[in-house]
Trainee: 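Attaching a single structure in structure tokens format; questions to follow.
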Amino acid sequence: MSVPRYRPARLFLTEKQRSFEPVIASTPDLPVVDWSGVGQVAPVLVEATGGGLPAADVVVITWADAEWAAMQHVFCASGVAMPYSAKNTGTWSGWTKYSVGMPAASVSGWDYWGEWRLVEIAGRRVLLWKSNTHLDFPGQSQLTAMMQILIQEVKPGLVVSIGTAGGAMVTDHVGTVRAVSAGTLYEPGKAQGGWPVYSNAWSAASTVLHKAGFASLLLPVPTTESDLAGLVTQFNSYYGSSYSIFDLDPDGLNTGDTVPKFFDETGGAVSLLTTPTFVVGTTAGTYGTYACIEMDDAILGDVCKAAGVAFGFVRNVSDPVQSAALPAEVQGSWGSAVYDTYGIYTSFNGALAAWATLIATS
């Protein structure tokens with residue numbers, strides 16, 4: 001078994017869904033970042049010395065390939081535009097695989113915890129981590145162990161998880177970014193009120209995220225009417241269906257906002273939902289009390305809270321809520337198509353927002 005590269009298990013149900021690769025015409029590069037617009041400079045690459053993982057003030061974790069491409073661009077190579085095709089890149093120069101302490105009885109297809117690179121941001125050492133360990137594969141115990149190792153070896157004061165998420169709010173267009181500092185773990189068979197919540201008081205209130213001009217750094221997700229129409233045509237051809245864009249996207253949420261929206265809901269009162277299986281929010285408001293839906297963060301929150309380490313989650317909506325009128329399999333298939341098409345753009349904005357939360361303002 002192998003880990004799906006860039007479509008999270010919360011979306012796909014079958015190999016057929018994983019194999020659908022839509023094509024669009026509007027694919028601008030991720031732009032050069034003008035850090036001076038918020039009075040800052042680009043992150044500085046740091047060469048780590050010695051063996052093992054280096055000590056750092058912060059660990060920033062991402063998960064899938066499109067998210068990794070955006071992290072690489074924003075944190076490591078923002079002075080050069082990045083092409084859309086980078087969303088499928090599975091390796092980047094300068095990153096180091098880490099496999100120390102892997103369980104003796106390992107899982108087939110899983111042979112390292114993740115890959116790392118070190119940068120400096122506003123005087124803080126930041127370990128970037130591309131995880132190869134997930135809640136859905138190889139599982140919760142391994143994800144817990146990975147987070148424990150990172151805390152033990154890196155000794156961070158803060159852990160931030162970033163990347164794509166499914167929409168839960170019925171007003172969130174593709175590309176919306178939400179930052180929270182709490183995660184709820186979905187537990188099948190248990191009443192929603194009994195699902196465990198892991199929260200802390202970490203806040204991004206006094207950071208560059210709220211600085212005038214920050215929004216100008218964000219890239220409007222380049223959804224066009226013709227591209228979305230073409231996506232529907234490809235979708236129907238591949239799946240043998242006959243849906244319209246109004247069937248698949250009744251509220252127009254797959255069209256990005258002219259200016260991407262971001263919401264700082266840190267402080268612990270608002271939670272995202274972590275699920276190890278197929279779960280999507282719908283236009284009926286399913287899971288609408290949560291900021292978004294993703295696959296790993298509540299587990300990280302559990303480990304960090306136990307260790308006394310602050311944590312936050314900065315997630316970008318790569319696939320908005322699905323039409324409640326559609327069958328579950330179609331919801332997953334359409335969400336997966338939107339995710340694959342626009343995930344690198346939504347992740348660029350999410351990575352920028354995460355960077356901004358790491359820099360305090362007076």
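We number each residue from 1, following the sequence as shown. Here the structure is a predicted model, which is why all the values come from computation and not from measurement.
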Trainee: Is there a side-chain contact between Phe20 and Ser333 (heavy atoms, below 4.5 Å)?
Mentor: no

Trainee: Would a single hydrophobic cluster contain both Leu218 and Phe75, if residues Ile, Leu, Val, Met, Phe, Trp and Tyr are joined by side-chain heavy-atom contacts under 4.5 Å?
Mentor: yes

Trainee: Check the side chains of Ser271 and Thr184 for a donor-acceptor pair under 3.5 angstrom, ignoring hydrogens and angles.
Mentor: yes

Trainee: Atom OG1 of Thr207 and atom CD1 of Ile359: how far apart are they, to the nearest 0.5 Å?
Mentor: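 So the gap between those two atoms works out to 8.5 Å.
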
Trainee: Are Ser347 and Glu67 close enough that a side-chain donor and a side-chain acceptor fall under 3.5 Å?
Mentor: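 No - no donor-acceptor pair under 3.5 Å links their side chains.
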
Trainee: Looking only at heavy atoms, what is the nearest atom pair of Glu294 and Leu272, with distance?
Mentor: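 Looking at all heavy atoms of both residues, the closest pair is OE2-CD1, 3.6 Å.
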
Trainee: Under a 4.5 Å side-chain heavy-atom rule over Ile, Leu, Val, Met, Phe, Trp and Tyr, are Val280 and Ile293 clustered together?
Mentor: no

Trainee: Please find the pair of heavy atoms, one from Leu118 and one from Ala48, that lie closest to each other, and give the distance.
Mentor: CD2-CB, 4.3 Å

Trainee: Only one of Thr346, Thr176, Asp297 clears side chain to side chain donor-acceptor pair (under 3.5 Å) with Arg315; which?
Mentor: Asp297

Trainee: Is there side-chain contact between Trp116 and Val59, with heavy atoms separated by less than 4.5 Å?
Mentor: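 With C-beta onward as the side chain, the pair stays apart.
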
Trainee: Find the distance between CG (Asn132) and CD (Gln142) and round it off to the nearest 0.5 Å.
Mentor: 11.5 Å

Trainee: Same cluster or not: are Phe137 and Leu300 linked, directly or through other Ile, Leu, Val, Met, Phe, Trp or Tyr residues, by side-chain heavy atoms under 4.5 angstrom apart?
Mentor: yes

Trainee: Which pair of non-hydrogen atoms, one from Ala81 and one from Val32, has the smallest distance, and what is that distance?
Mentor: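 Residues Ala81 and Val32, closest heavy atoms: N-CG2, 3.8 Å.
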
Trainee: For the CZ atom of Arg117 and the CH2 atom of Trp95, what is their distance to the nearest 0.5 Å?
Mentor: 7.5 Å

Trainee: Taking the six-membered ring for Trp, are Phe235 and Trp334 closer than 6.0 Å centroid to centroid?
Mentor: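 That pair passes the under 6.0 Å test.
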
Trainee: Please determine whether a side-chain nitrogen of the Lys or Arg among Asp172 and Lys261 lies less than 4.0 Å from a carboxylate oxygen of the Asp or Glu.
Mentor: no

Trainee: What are the two closest heavy atoms between Gln331 and Leu326, and how far apart are they?
Mentor: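 Of all heavy-atom pairs spanning Gln331 and Leu326, the closest is NE2-O, 3.1 Å.
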
Trainee: Nearest 0.5 Å, what's the CG-CZ distance between Asn316 and Arg178?
Mentor: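 The CZ atom of Arg178 is 12.5 Å from CG of Asn316, to the nearest 0.5 Å.
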
Trainee: Check the side chains of Ser161 and Trp63 for a donor-acceptor pair under 3.5 angstrom, ignoring hydrogens and angles.
Mentor: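 Checked: Trp63/Ser161 side chains pair up, N/O donor to acceptor below 3.5 Å.
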
Trainee: Do Val160 and Leu209 belong to the same hydrophobic cluster, where Ile, Leu, Val, Met, Phe, Trp and Tyr are linked whenever their side-chain heavy atoms lie under 4.5 Å apart, directly or via other members?
Mentor: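 In one cluster with Val160: Leu209, yes.
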
Trainee: Aromatic contact between Phe214 and Phe262, with the criterion being ring centroids under 6.0 Å apart: yes or no?
Mentor: yes

Trainee: Quick check on the 6.0 Å ring-centre criterion: do Trp195 and Tyr186 meet it?
Mentor: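 Under 6.0 Å, so yes.
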
